[in-house]
Amino acid sequence: DVADNIALNPPPDLDEASRLDLTHLPAFAIDEASTQEIDDALSVEILSTDGPIHSRQRYWIHVADPSRYIELDSPLDREARRRASSIYLPTGTIPMFPMSLAAGPLSLRPGVVSCALSVGIMLDDAGGIDEATPPIITPSLVKTTRLTYDQVDELLDPFALVNSENDNNSADGNNTIENIESTVEILRQLQYASEQRLGWRIDGGSLESIEPYELPDMTVKVRPSADAIDGWQVDVYAKELCAANRIVTELMLSANEAMALYGHKNGIPMAYRSQEMDDVSDAEIDATPAGPCRSWLAIRSTFGSQISSTPSVHCGLGLDMYVQATSPVRRYADLALHFQVKCHLRGDALPFPGNDGDELSNNNEDTMVRIAQNGGALSRQLERPADEYWLKEFLRRRGNQPLSTLVLSSEYREGVYKLLLPELGAICTYTSTTPLAIGTQIDMQSLNLSELV
């Protein structure tokens, strides 16, 4: 079929002459062990400045380059645009591209020289992108090593003992960490950069300026099992965000900010994302228990994100401008931005030249903003209801087994509260005739909690 043909007979690489060979830099693709679409990796380049004693770091964010293989307006491109994004359900993934491509040549596969679109940034002393050394955005070649979040957290743990090279296989079981010491050193440099960036965003008034703690993510996994009720094994658990998650989050945000700065400077139509926040008083913060409750207070202070052709402040992230460009295998809006940027780098005509409302666009033509606005609609319609259905089923099956809950906040209606289920990472709405104090822990039967989902 078309996918197999592309893998066997790829089209000419339009960026072959300008692709920067970065295969000499160790590049770490950090993700969940189950992830198949590997669309980003991280490197550190040491630059000498004033002699061998003094050096600076350039942080490279390598993003998969599916536009190397997917031609604009080809059948695969049109189908990906129609799907808009991959859809992640508890029972499995519906990929935007055929998985043979998404997990194959489009991904940054470990141990294989892969095409990427790389963003190289240097940070100033405050953690912002250094204006004196603007970001480098270039098509590239990279060779990745795959690490799971758990592996990175273990390697960064100063008390963890590394017993042997044989214990450090990566998630695919075939790719080994060749040099533990140099790997740990690079990961520590990335961790330092992530801490700098977080501090800089906090200074910019991000959500973390109210509470650095992040609520855990709820993970719902469902698989067929002959031994399970109704033939389905259901697992729900909370995923606490640790150092590895912070590294990936902060460096991806940096790349997206760099892309936004590049687009704004060069007048490239892009879908800029912004968000407003209500002011939260110091008194309100002090009156809210630190940790999950204060984190929920920060989340409640935000308004829905907006998408526009004009850059504006994203208050929740603490960024002056922001686009999304780091998941082009999973989100078509990110891929469209890649087409846009790479055409500009080559000096070619832009594939999406118009902005909504200007003379270059019409009602029948896709613009970057329209693509981004349509991008998440289907996934939102499917993913959240599926998670809620299986969460409800998981709780129902637990019957009278107790679960600990935490009162996050009282809502706008009297007697209505938000509860966090810390063990599961789930949040639900609860009505009580008895006043509840924020931060109170309550044990409730799972069956009763299932009725709240």
Side-chain angles (χ1 to χ4, degrees), residues 18-22 24-28 30 40-63 116-140 142 185-209 212 243 245-268 270 272-274 311-326 334 337-338 340-342 344-345:
S18 61
R19 256 185 215 287
L20 185 61
D21 189 343
L22 296 174
H24 62 288
L25 296 176
F28 297 105
I30 305 170
D40 56 71
L42 302 170
S43 295
V44 180
E45 181 182 13
I46 305 300
L47 304 173
S48 296
T49 51
D50 301 317
I53 298 177
H54 303 284
S55 64
R56 292 188 66 190
Q57 291 79 36
R58 175 177 285 127
Y59 302 100
W60 284 99
I61 301 94
H62 311 294
V63 184
L117 183 62
S118 295
V119 181
I121 62 168
M122 299 180 72
L123 302 181
D124 58 28
D125 291 340
I129 294 176
D130 192 351
E131 295 181 0
T133 52
I136 298 171
I137 299 175
T138 178
S140 65
V142 299
E185 178 60 28
I186 294 168
L187 292 176
R188 285 176 177 161
Q189 291 168 342
L190 291 169
Q191 183 180 28
Y192 177 71
S194 72
E195 292 168 350
Q196 276 191 299
R197 286 293 297 173
L198 175 59
W200 185 79
R201 292 196 303 106
I202 287 174
D203 290 342
S206 69
L207 283 175
E208 293 88 353
S209 67
N245 302 87
R246 177 60 67 193
I247 288 170
V248 173
T249 295
E250 294 299 336
L251 271 297
M252 293 308 125
L253 289 178
S254 300
N256 286 327
E257 182 190 7
M259 285 283 195
L261 291 168
Y262 180 82
H264 182 56
K265 177 182 177 181
N266 293 285
I268 305 171
M270 290 186 176
Y272 296 94
R273 296 171 184 266
S274 62
S312 187
V313 175
H314 196 297
C315 295
L317 296 175
L319 299 177
D320 289 338
M321 60 182 70
Y322 172 69
V323 297
Q324 288 185 337
T326 52
D334 295 38
L337 192 144
H338 278 225
Q340 197 85 324
V341 168
K342 289 176 64 181
H344 184 269
L345 289 170

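Below, each value reflects all heavy atoms present in this structure, side chains not excepted, and no hydrogens, waters or symmetry copies.
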Handout entry: Residues forming a ring pair (Phe, Tyr, Trp, His ring centres under 6.0 Å) with Tyr322, sequence neighbours excluded
Key =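 Here the qualifying residues are His314.
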
Restricting to non-hydrogen atoms, name the atom on [X] and the atom on [Y] that form the minimum distance, rounded to 0.1 Å.
X      : Y      : value
Ala260 : Met270 : CA-SD, 4.4 Å
Pro139 : Leu345 : CD-CD1, 4.1 Å
Val63  : Ala325 : CG1-O, 3.6 Å
Thr133 : Met122 : OG1-CB, 3.5 Å
Ser43  : Leu190 : O-CD2, 4.2 Å

Exercise for the section: Please step through side chain to side chain contact (heavy atoms under 4.5 Å, CB included) for the pair Glu131 and Asp124, ending with a clear verdict. Expected result: CA-CA 8 Å; Glu131 295 181 0; Asp124 58 28; over 6 Å; no

For [X], enumerate each residue passing the side-chain hydrogen bond (donor to acceptor under 3.5 Å, both in side chains) test, keeping only those at least two apart in sequence or located in another chain.
X      : result
Glu208 : Arg201, Ser206
Asp21  : Thr23
Ser254 : Arg197
His338 : none

Exercise for the section: Start with the C-alpha gap between Arg273 and Val323, add the side-chain angles, then the distance that decides, and say whether side chain to side chain contact (heavy atoms under 4.5 Å, CB included) holds. Expected result: CA-CA 6 Å; Arg273 296 171 184 266; Val323 297; over 6 Å; no

Looking at residues at least two apart in the chain, or sitting in another chain, which of them share a side-chain contact (heavy atoms from CB on, under 4.5 Å) with [X]?
X      : result
Ala116 : His62, Leu108, Ser118, Ser140, Val142
Glu45  : Leu25, Leu47, Arg58, Trp60
Pro135 : Ile121, Ile129, Ala258
Asp334 : Gln324, Ser327, Pro328, Arg331

Please report the interatomic distance [atom1]([X]) to [atom2]([Y]), rounded to the nearest 0.5 Å.
X      : Y      : atom1 : atom2 : answer
Glu185 : Leu187 : CD    : CG    : 9.5 Å
Leu251 : Tyr59  : CG    : OH    : 8.5 Å
Leu198 : Glu250 : CG    : CD    : 5.0 Å

Exercise for the section: Check whether any side-chain N or O of Ser194 sits under 3.5 Å from a backbone N or O of Gln191 as a donor-acceptor pair, and report yes or no. Expected result: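 Here the side-chain-to-backbone pair exists.
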
Practice task
Please identify each residue that fulfils salt bridge (Lys or Arg N to Asp or Glu O under 4.0 Å) with Arg19, with sequence neighbours left out.
Solution key: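 Residues passing salt bridge (Lys or Arg N to Asp or Glu O under 4.0 Å) with Arg19: Asp13, Asp65.
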
Problem - Residue list, salt bridge (Lys or Arg N to Asp or Glu O under 4.0 Å) with Asp130, at least two apart or on another chain - result: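 Salt bridge (Lys or Arg N to Asp or Glu O under 4.0 Å) list for Asp130, sorted by chain: Arg56.
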
Handout entry: Working for side chain to side chain contact (heavy atoms under 4.5 Å, CB included), residues Leu117 and Val119
Key = CA-CA 7 Å; Leu117 183 62; Val119 181; 5.6 Å; no

Practice task
Would you mind reporting whether Leu317 and Glu257 have side-chain heavy atoms less than 4.5 Å apart?
Solution key: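 Heavy-atom side-chain distance check fails, nothing below 4.5 Å.
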
Problem - Side-chain touch Leu42/Ile61, heavy atoms, less than 4.5 angstrom - result: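 Touching, per the 4.5 Å side-chain cut-off.
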
Practice task
Give a yes or no on whether Asp320 atom CG has more than 12 heavy-atom contacts from other residues, nucleotides or ligands under 6.0 Å away.
Solution key: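 No.
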
Practice task
Verify the distance criterion only: is there a donor paired with an acceptor across the side chains of His344 and Tyr262 at less than 3.5 Å?
Solution key: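 There is such a pair (donor and acceptor under 3.5 Å, judged by atom type) between the side chains of His344 and Tyr262.
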
